[in-house]
Visitor: 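Take this structure, written in C-alpha cells, and hold onto it; I'll ask about it next.
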Amino acid sequence: MKVKLWGTRGSIPSPGPETIRYGGNTSCVGVTLSDGSLLALDAGTGIRSLGLALDDEPARLHILLTHLHLDHIQGLVFFAPAFRPQTEIVIWGPASPEASLRDRIARYISAPLSPVEVRELPCDVSFRHCPQSEWEIGPARIRAASVAHRGPTLGYRIDDGDSSLAYIPDHEPALGADLDRLEEDWISGFALAHKASLLIHDGQYSEAEYPEHIGWGHSSIRHTLSFARRTGAERTVLFHHDPLHTDEFLDRLGEDARERWAALGGAPEAVEIGAERAELELPARAPSPAASV
Amino acid sequence: MPFVTQKPLELILARNLMSALSTPAFLVDEGGVLVFYNEAAGLLLGKRFEELGTVGAEEWGSLFGPFGEDGEPIPYDELPLVRAVRDGRPAHAELCIRSTDGASHEVEVSAFPILTPHGSQGAIAVFWPSRANANGARP
C-alpha cells in the first residue's frame, strides 16, 4: 500500500509563502492498493492535484469521505476524472437521518455555489453510505466507524495484506475523557487505529491553543500522541493543520511531538508532521509497536 | 489482524457527558447491559462503577432494589431503562432504590433511548430525589 498526502490542511485552504513546505491544500490522501487500485480519502482541495497527476487513469476509483465539511469536499468539482465519461467514481460517506449522501453533497455541487450540478457530471458517479460492517475494495478490507467530531463523521481503516492504514483526520477523542486512563473500548476511534501500520490523525492544535478550542472537534498534539500510544499505532502522521500554522510553527510543533513521543517510550522518527506531496510506503509486515501501552 | 470491537460512538459520548454531570445517571447498551454509571450515581448507590463493573441485563435491576411505593420489587421489564430500550420511547417512574449500606432512597427516574441512524444503541437514565421527598413531605 502506498500513501500520498495531497492536502494536509484543515478548515480552509491556506496557500502562501509561509505554508509552502507543509502545504495549503485541504484534506486529501491518495492510497494505491497492492493491485494498483486507487482510493482517495476525502476530497478537499488537494484532490484537484491528485486528479491532475493521474497519468494512467483508472477506469474506476473510490472516494471515501469522512464527513461533509467543506474542507473535505471542496475539491470534488475540480477533480478532473469527474469530467470524463469513461470514469466511474464511487463516493462513500456517512449516513445521516436528514438526507441521503447524494443530496447532502448536492447542496455544494449545485447553484449558486457550483457551476455544475451533480446530475451534470460526465463521469459515472454513485453515492454509497458506508456500511457498519467491513467491506472490500480490490484487495483491501475497508472499515468505517463514527468518531468524535462535529456532525456525522467517520474514520477509516484500510487493511491490504499485512499493512493497515487508519485515517482519522477530524477527531477529538479526548473531549470529556482522559485518554490515558479510559478503557480501550471506550476510546473513540480505537478499533480503527488498533495496531495500524500508519495512523493519519488530527493534530490541529498545540497545547497552548487547545483550551480555547475544546469541543471544536479537533485534537491537541498531546491528545493525538496519547491516542497513538493507546492504540499501538506503528507510525503517526499529524494531519489537518490549522490554517494559521506556518511552516516554522509546524517545524516546532513536530519537534515538540517527537520529544513527547520519545518521553512516552517511542522512537521519535515514528511521529511526523504531514507534508503535502509526501509519499509513504507501508511495509508488507509491520514492525513491533514503537511505544508500548 | 482481527478487527477489535468497541463501544458505539453514541455510548462513548453519553458516558463522557455523564461523567461530567452531578446528576446520577445510568447507561445501558442495546442489549440492556449496564455499561456505566457516573460518580453521582455511585454516591447514591454506595458503590462506584469501577468497583462493580459491567452488569448483565436482568442482573443489575435486582442489585439496588428497586421497589415501588408498596414496597414490592418492580419487575425488571417495568423499569424505565428497560422500557426505554425495548420501546424506543422515554419512560418515567418514581421508585425506591437501596444502596449497599441498606438505606432506601426515593427517586424519580427518567430514561430515554439512544437512537441513531443505525438503530437503538441503548438508553440513559437520570435520577432525582423524588419531589415529595425533596420537599420534606415524606420521610
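The sequence lines fix the lettering, A, B, ..., with proteins before strands; numbering per chain opens at 1. Values in this document were obtained by computation on a predicted structure and should not be read as measured data. Any value given below was found using the heavy atoms of this structure, including those in side chains, with hydrogens, waters and symmetry copies removed.
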Visitor: Charged N to carboxylate O below 4.0 Å: is that the case for Glu50(B) and Arg181(A)?
Guide: no
Visitor: Can you tell me which of Gly176(A), Pro94(A), Ser164(A), Ala191(A) forms the most heavy-atom pairs within a distance under 4.5 Å of chain B?
Guide: Ala191(A)
Visitor: For a quick test of reading the model, state the closest non-hydrogen atom pair linking Val147(A) to Leu9(B) and the distance between them.
Guide: O-CD2, 3.2 Å
Visitor: Might you point out which heavy atoms bring Ile12(B) and Ile187(A) nearest each other, and give the distance in Å?
Guide: CD1-C, 3.9 Å
Visitor: Heavy-atom pairs under 4.5 Å with chain B - which of Gly189(A), Pro173(A), Pro152(A) has more of them than the others?
Guide: Gly189(A)
Visitor: Counting heavy-atom pairs closer than 4.5 Å to chain A, which one of Leu11(B), Thr5(B), Thr116(B) comes out on top?
Guide: Leu11(B)
Visitor: Within a reach of under 6.0 Å around CD of Glu212(A), are more than 12 heavy atoms found that belong to other residues, nucleotides or ligands?
Guide: no
Visitor: Please check if the number of heavy atoms outside Glu10(B) that lie under 6.0 Å from its CD is greater than 12.
Guide: yes
Visitor: Can you tell me if Arg86(B) has over 12 outside heavy atoms packed within less than 6.0 Å of its CZ?
Guide: yes
Visitor: Give the minimum heavy-atom separation between Leu182(A) and Arg15(B), together with the two atoms involved.
Guide: CD1-NH2, 3.8 Å
Visitor: Trp186(A) and Leu27(B): which non-hydrogen atoms are nearest, and at how many Å?
Guide: CH2-CD2, 3.9 Å
Visitor: Give the minimum heavy-atom separation between His194(A) and Val4(B), together with the two atoms involved.
Guide: ND1-CG1, 3.2 Å
